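Since the structure is predicted, the reported quantities are computational estimates derived from the model, not experimental observations. Numbered from 1 within each chain, the chains take letters A, B, ... in sequence-line order.
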Amino acid sequence: MRLSRYFLPIIKETPKEAEIVSHRLMLRAGMIRQQSAGIYSWLPLGLKVLRKIERIVEEEQARAGAVQLLMPTIQSADLWRESGRYDAYGKEMLRITDRHDRDMLFGPTNEEMITDIFRSNVRSYKDLPLNLYHIQWKFRDEVRPRFGVMRGREFLMKDAYSFDLDQDAAVESYNRMFVAYLRTYKRMGLTAIPMRAETGPIGGDLSHEFIVLADTGESAVYCHSDYLEKAVPGEDVDFDSDLSPIVADWTSDYAATEDVVDMTEFENSVPEDKRISARGIEVGQTFYFGTKYSAPMGAKVATADGTEVPVHMGSYGVGVSRLLGAIIEANHDDDGIVWPASVAPFHVGVVNLKVGDELTDSACEDLYAKLEAAGIEVLYDDTDNRAGAKFATMDLIGLPFQVVGGPRGLKDGLFEVKDRRSGEKEMLSPEATFNKLVSALTV
RNA sequence: CGGGGUAUAGCGCAGCCUGGUAGCGCAUCUGGUUUGGGACCAGAGGGUCGCAAGUUCGAAUCUUGCUGCCCCGACCA
């Protein structure tokens, strides 16, 4: 992509409304713009990252056996009356009336709707286990939205729903999502710790919140420091096998959020030098809630002996839009964002320092074309801004590598290649530059 | 939902107390000089001062009401 033809509105000053670093950087880097309280437009650079996060989520959901569908944002109030949540949910739910005066709502979650889909299409235990998910915009009318996309009113969420014949099978489904989550966050460069959690309005018995440690996190968390070093299951993990040893390993040491923490238990079970007391961002939550929705809504299947039983369900959320904030909170420095390569909007920024100069133009154009042809995503700065402004923009948007082509180096046939994270720079020939980037960025 | 702020050019702000018809910095545009870490000089464009009433000869400024946004708390993915 040529920067001269892209839409990347950079802000030099610090926007006054942004309190936390991820919000500031997302505004400054031209990723988002606020449309009203807690509601944002996603500009091209932000959308690119959002899509990359979705892709990782989709790949790991597929690996764990979940099947993607798409449910609407607007739901009928009648469904919610069946579960009893229409009255229970409160003012967080945005209620809408259509032209026929029918009560509608902008969905804050989809348990009722998925249960409806299930009950009208599945009858037999032979169709289980089943895990259906979608990635869709949700709306919760938070009293006080803040922190940019971390706590918006409109937000993009992956929510999966598992259906099983009994509790034992449901726990196996739960474990599959649990392991998928460990892998999902790891691939985005995050260390997410599963913590004991409250079940909130969704209800249920078994639940974990996946927490990323960050100073700007919304809640206080307490956990064992070993979690920071624990190995995440690899690509080869067999989701058809018994995953309970992995889950047991990842839940053996103490970890809880402030809502449910028992300080006595924390101090008794974790040695003093291993205790972490920090702040955390919730990036996902898993629930097993049994027949809470299937029973009142009549989602039943026939068992092997012909009797009908309500299915056991679980739901599993990932805050997709919120993850951008969490990733930036965990990956930035004084100059801007430092994207992990897996979610970076582009892999490489090629900076032409002297547009119009025959030598730099041809060298930069050539490298740009070759990298794109090799499947590497390049943002090519072919604008005629000053060098300092170009460097500052590249640092701000945080692409993993910067390649600088200017008359000074190119008269000796060399580009300067900078690693954004380490700040290390080296002078390389065009061939060496190409080879280094290809080997660093392709698996 | 309680408490506290704030609203003036695209962004950040001054002007308001003490009423007289709007200004600064950045950004934008033009010309010139520059050019390896957010350049400099000169010039230009851009605002029904959040909305609505009221007071007044006259309101960005005073009064009342409404609305948006931000911060703290409670709540929450």
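Between U34(B) and G10(B), the distance separating the two C1' atoms is 27 Å to the nearest Å. A distance of about 10 Å separates the P atoms of A60(B) and G50(B), rounded to the whole Å. Between C11(B) and C69(B), the two P atoms lie 15 Å apart (nearest whole Å). Between U8(B) and A22(B), the two C1' atoms lie 8 Å apart (nearest whole Å). Here the separation of G20(B) from A7(B), taken at their C1' atoms, is 24 Å to the nearest Å. Straight-line distance between the C1' atoms of C75(B) and U56(B): roughly 48 Å, to the nearest whole Å. For the P atoms, the distance from A9(B) to U67(B) is 23 Å, rounded to whole Å. Taking atom C1' in both U18(B) and C62(B), the straight-line distance is 11 Å, to the nearest Å.
Not one side-chain nitrogen or oxygen of Arg408(A) sits closer than 4.0 Å to the OP1 or OP2 atom of G36(B). Phosphate proximity of U35(B) to Lys354(A): absent, as no side-chain N or O sits under 4.0 Å from OP1 or OP2. Taking 4.0 angstrom as the limit, Lys390(A) places none of its side-chain polar atoms (N or O) nearer than this to OP1 or OP2 of G37(B).
To the nearest angstrom, C1' of U35(B) lies 10 Å from CG of Leu353(A). Distance, Lys91(A) NZ to G2(B) P: 9 Å, rounded to whole Å. The CZ-P distance, from Arg33(A) to G10(B), rounds to 15 Å in whole Å. G37(B) atom P lies 19 Å from atom CG of Asp334(A), rounded to whole Å. As rounded to whole Å, 17 Å separates atom C1' of C13(B) from atom NZ of Lys12(A). Rounded to whole angstrom, the span from the CG atom of Asp259(A) across to the C1' atom of A74(B) amounts to 13 Å. Separating the CD atom of Glu416(A) from the P atom of G37(B) is a distance of 11 Å, rounded to the nearest angstrom. Ile39(A) has its CD1 atom 13 Å from the C1' atom of C69(B), to the nearest Å.
Cation-pi geometry between Lys292(A) and Phe289(A) is not satisfied (NZ or CZ under 6.0 Å from the ring centre, within 45° of the ring normal). Both tests do not hold together for Arg153(A) against Phe106(A): distance to the six-membered ring centre under 6.0 Å, angle to the ring axis within 45°. A cation-pi contact, defined as under 6.0 Å to the ring centre and within 45° of the axis, links Lys48(A) to Phe346(A).
Closest-nucleotide positions on RNA chain B for Met150(A) and Leu410(A) were compared, and the one nearer the 5' end corresponds to Leu410(A). Residue order along RNA chain B, read from the 5' end via each residue's closest nucleotide, puts Gln34(A) first among Gln34(A) and Phe155(A).
Salt-bridge check for Glu265(A) with Arg196(A): passed, with a basic side-chain N closer than 4.0 Å to an acidic carboxylate O. Between Lys138(A) and Glu154(A), no side-chain nitrogen of the basic residue sits less than 4.0 Å from a carboxylate oxygen of the acidic one, so the salt-bridge criterion is not met.
Figure legend. C49(B) is base-paired to no nucleotide; pairs are counted as Watson-Crick or G-U wobble with both atom distances under 3.5 Å. A 3.5 Å limit on both hydrogen-bonding distances identifies A44(B) as the Watson-Crick or G-U partner of U28(B). As the counterpart of A7(B), U67(B) is assigned, both hydrogen-bonding distances of the Watson-Crick or G-U wobble pattern falling under 3.5 Å. Across all strands shown, U34(B) forms no Watson-Crick or G-U wobble pair with both distances under 3.5 Å. Remark: G2(B) base-pairs with C72(B). Criterion, Watson-Crick or G-U wobble with two distances under 3.5 Å.
Ser315(A) and Glu111(A) form a side-chain donor-acceptor contact under 3.5 Å, judged by distance and modelled atom types alone.
Across all strands, Ala392(A) comes closer than 4.0 Å to base atoms (heavy-atom distances). If you check every strand for non-hydrogen atoms under 4.0 Å, Gly356(A) touches nothing. As judged by a 4.0 angstrom heavy-atom cut-off over every strand, Gly406(A) is placed among the base-contacting residues. Looking at heavy-atom distances under 4.0 Å, Val318(A) makes no contact with the nucleic acid at all. Looking at heavy-atom distances under 4.0 Å, Gly90(A) makes no contact with the nucleic acid at all. Across all strands, Thr393(A) comes closer than 4.0 Å to base atoms (heavy-atom distances).
In this structure, of C75(B), C70(B), G36(B), it is C70(B) that holds the atom nearest to the side chain of Ala37(A). Relative to the side chain of Pro407(A), the nucleotides G36(B), U34(B), G38(B) differ in distance, and G36(B) lies closest. Closest approach to the Lys425(A) side chain among C76(B), G38(B), G37(B) is made by G37(B) (side chain taken as heavy atoms from C-beta onward). Residue Arg151(A) places its side chain closer to C75(B) than to any other of C75(B), G36(B), G38(B). Side-chain proximity of Arg386(A) to G36(B), A39(B), C76(B): nearest is A39(B).
Screening Arg85(A), Arg119(A), Glu112(A) for a side-chain hydrogen bond (donor to acceptor under 3.5 Å, both in side chains) involving Tyr293(A) leaves a single residue, Arg85(A). Among Trp250(A), Tyr174(A), Tyr181(A), the one residue that satisfies the side-chain hydrogen bond (donor to acceptor under 3.5 Å, both in side chains) test with His208(A) is Tyr174(A).
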Please list, for nucleotides 71-73 of chain B, all pairs of protein and nucleotide N/O atoms separated by less than 3.5 Å.
{"unit_1": "C72(B)", "atom_1": "OP2", "unit_2": "Arg144(A)", "atom_2": "NH1", "d": "3.1"}
{"unit_1": "C72(B)", "atom_1": "OP2", "unit_2": "Arg144(A)", "atom_2": "NH2", "d": "2.1"}

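For Asp395(A) and G37(B), a side-chain-to-base donor-acceptor distance below 3.5 Å is present, hydrogens and geometry of angles not being considered.
Nearest heavy atoms, Ser294(A) versus Val311(A): OG-O, 2.6 Å. When all heavy atoms are compared, the tightest approach of Pro400(A) to Ala341(A) is CG-CA, 3.9 Å.
Listed for the Arg183(A) side chain is a donor-acceptor partner under 3.5 Å among the backbone atoms of Pro233(A).
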